[in-house]
Protein chains: 2
Amino acid sequence: MAGPVQSIERAAAILRLLAGGPGRLGLGEVAASLGLAKGTTHGILRTLQSVDFVEQDEATGKYQLGAALLHLGTSYLDVNELRSRSINWTDALAARSGEAVRLGVPLEGKVLIVHHVFRPDDTFQTLDVGSLLPLHASALGKVLLAYGAAPLEPLVEGEPEAYTRHTIVSSQRLNRALAETRDAGWAAAVQEMIMGEADIAAPIRGQGGLVVGAVGVSGPVERICDSKGHPHTSLVGLTRNAARAISRDLGAARW
Amino acid sequence: MAGPVQSIERAAAILRLLAGGPGRLGLGEVAASLGLAKGTTHGILRTLQSVDFVEQDEATGKYQLGAALLHLGTSYLDVNELRSRSINWTDALAARSGEAVRLGVPLEGKVLIVHHVFRPDDTFQTLDVGSLLPLHASALGKVLLAYGAAPLEPLVEGEPEAYTRHTIVSSQRLNRALAETRDAGWAAAVQEMIMGEADIAAPIRGQGGLVVGAVGVSGPVERICDSKGHPHTSLVGLTRNAARAISRDLGAARW
DNA sequence: AATAGCGGTCGGCATTACCGAACGCTTTGG
DNA sequence: CCAAAGCGTTCGGTAATGCCGACCGCTATT
């Protein structure tokens, strides 16, 4: 097994860094963050600039992500089989549940939203496609963790971030929640990431039965949960049915 | 001027190839398309896979774009100053004109849509953000060409593609259209890309007065144009005003 | 059952990209 | 107003780096 190409790894690290940071970064900051020499970093950035993966602000000389990435990102959506197969089912789930539907896959210790159907009523909503959710504070993430689609280790080693007072931060409680998820076949997160918001999710399996993603509904806690703070069983049923339908479409015969 | 990093250039070429093709590509096809040895191509692909820029289909071994690109693409939108400064103006333009509004920047001999406001009525529309339009068959593209924001040479050398019978394919007629655009300060494309569709666009200038993008309205030809096939002057006025407002926001003092 | 085509691997060579110091330039502080 | 620190950028030497092409095992064809 030959080694990976370092310059590409470094280029990818730079792009991730630019995506993670708030906005533009200077050459020095990039070099320092990755522990590289300024000259090396400059060469990589110049190359990335020549292929439109990064842009440089004329005035300040700082670097930011480039336009070519936007086209690559939407091209990814076009070829993503999980997304294309699920569109019919997610539309139906949104219509029947009356809630927003989101589809997530694991990426770099987070949940990447690859599809988002707005809640049928016409309230203002922002498109979540392309955003990253935390694994431990979302129903989508818990499902991916529970079924091994996303690695658990990084979370139990470093203390996970507490977004609200309901966020699960102890690895003991997290493990219990994941066991319950495996037991029940679905997960919920009630005000664990944003106060007032809740979501329910169920696993999607591909060929061979491996969990490759998760689908779920999300919305204000008073719509998702009953008076005791438990998710409505009807929403849970609709979500699980949608997840099973998508799995079947993907070729997961029984499950 | 030191040379750019070849492995990164090649990696970018592979990603562009995967984005351009219909879907998955095999290792051999990629290697042949780029004129590289299979071993070299495999090394790059393996590296891109390790950073989630490409994924490999377990069953067939073919490669496709990876999930990380989606997040990078949306992160680009978040930091794009042209887009963020124009949002208020494009919303207003859509509301006043009653038509869909799109914002484009040049990318690789095409127009990349970086923002899209749906037509206010609730007809079904697909989000164009991230798509590429041809320079010579869209109003957005003609504006970018006319003001030097996109290079003209590749188009006049190779015969441009004819999408409909109204598409401008002769470089003579294209040059005349661009001269008229510069003269008038706006451009239109009526059924030049898709029969029944038309759009109007005007240039957006950044600091220093250079054209950095274009904004325009688009829709069915019977809504955009009058009975003689000319764009409604009211829509032209609204579009040019919006473009001027965005330019001012970007720091283009007078123009 | 034979074979052509696929993705993947491995070793040797030389090209490759890395590093660190030096250069203008702008911006900050005195 | 000048000094000086910080920025992005350039440049040459070096050895480590990734490239190449032949080889392997497998699948799917004929």
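Residue numbering restarts at 1 for every chain, and letters A, B, ... go by the order of the sequence lines. These numbers come from the heavy atoms of this one structure, side chains and all, not from hydrogens, waters or symmetry mates.
Residues A/Ile8 and A/Glu29 each lie close to DNA chain D; by heavy-atom proximity, the contact nearer the 5' end of the strand is made by A/Glu29.
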Per-pair distances, 0.1 Å, donor-acceptor, side chain in residues 11-29 of chain B, under 3.5 Å, sequence neighbours excluded:
residue, atom, partner, partner atom, Å
B/Arg24, NH1, B/Gln64, OE1, 2.8
B/Glu29, OE2, B/Gly26, N, 2.8
B/Glu29, OE2, B/Lys62, NZ, 3.3

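Within a 6.0 Å radius of CH2 in B/Trp186, more than 12 heavy atoms belonging to other residues, nucleotides or ligands are found.
Residue B/Ser7 is in sugar-phosphate contact alone, with no base atom involved, counting any heavy-atom pair closer than 4.0 Å across all strands shown. Residue contacts for A/Gly39: at a heavy-atom cut-off of 4.0 Å it reaches a base atom on one of the strands shown.
Annotation: side chain to side chain donor-acceptor pair (under 3.5 Å) contacts of A/Asp78 (sequence neighbours excluded): none.
Whole-Å rounding puts the A/Glu58 CD to C/dT26 P distance at 14 Å. The distance between atom CD1 of B/Ile44 and atom C1' of C/dG7, rounded to the nearest whole Å, is 16 Å. Atom CG in A/Leu25 sits about 10 Å away from atom P in D/dG8, given to the nearest Å.
Across B/Val114, B/Leu103, B/Val215, a single residue satisfies side-chain contact (heavy atoms from CB on, under 4.5 Å) together with B/Ser86, and that is B/Leu103.
Looking at the side chain of A/Thr40, the nearest of the listed nucleotides C/dC19, C/dT9, D/dT10 is C/dC19. Closest to the A/Ala37 side chain, of the nucleotides D/dC19, C/dC18, C/dC19, is C/dC19. Among C/dG8, C/dC18, D/dC20, the nucleotide with an atom closest to any side-chain atom of B/Gln56 is C/dG8. Of the candidates C/dT9, D/dT10, D/dT9, the closest approach to any side-chain atom of A/Arg46 belongs to D/dT10. Side-chain proximity of B/Leu27 to the nucleotides D/dG8, D/dC20, C/dG7 is greatest for C/dG7.
Summarising the geometry of A/Ala150 relative to A/Pro106, their closest heavy-atom pair is CB-CB, 3.9 Å, with the distance given to 0.1 Å.
Between D/dT9 and A/Tyr63, a contact under 4.0 Å exists linking OP1 or OP2 to a side-chain N or O. The phosphate of D/dT17 (OP1 or OP2) has no side-chain N or O of A/Arg10 nearer than 4.0 angstrom. Residue A/His42 places none of its side-chain N or O atoms closer than 4.0 Å to OP1 or OP2 of D/dG8.
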Using atom names, set out every protein N or O paired with an N or O of nucleotides 23-29 of chain D below 3.5 Å, distance rounded to 0.1 Å.
none

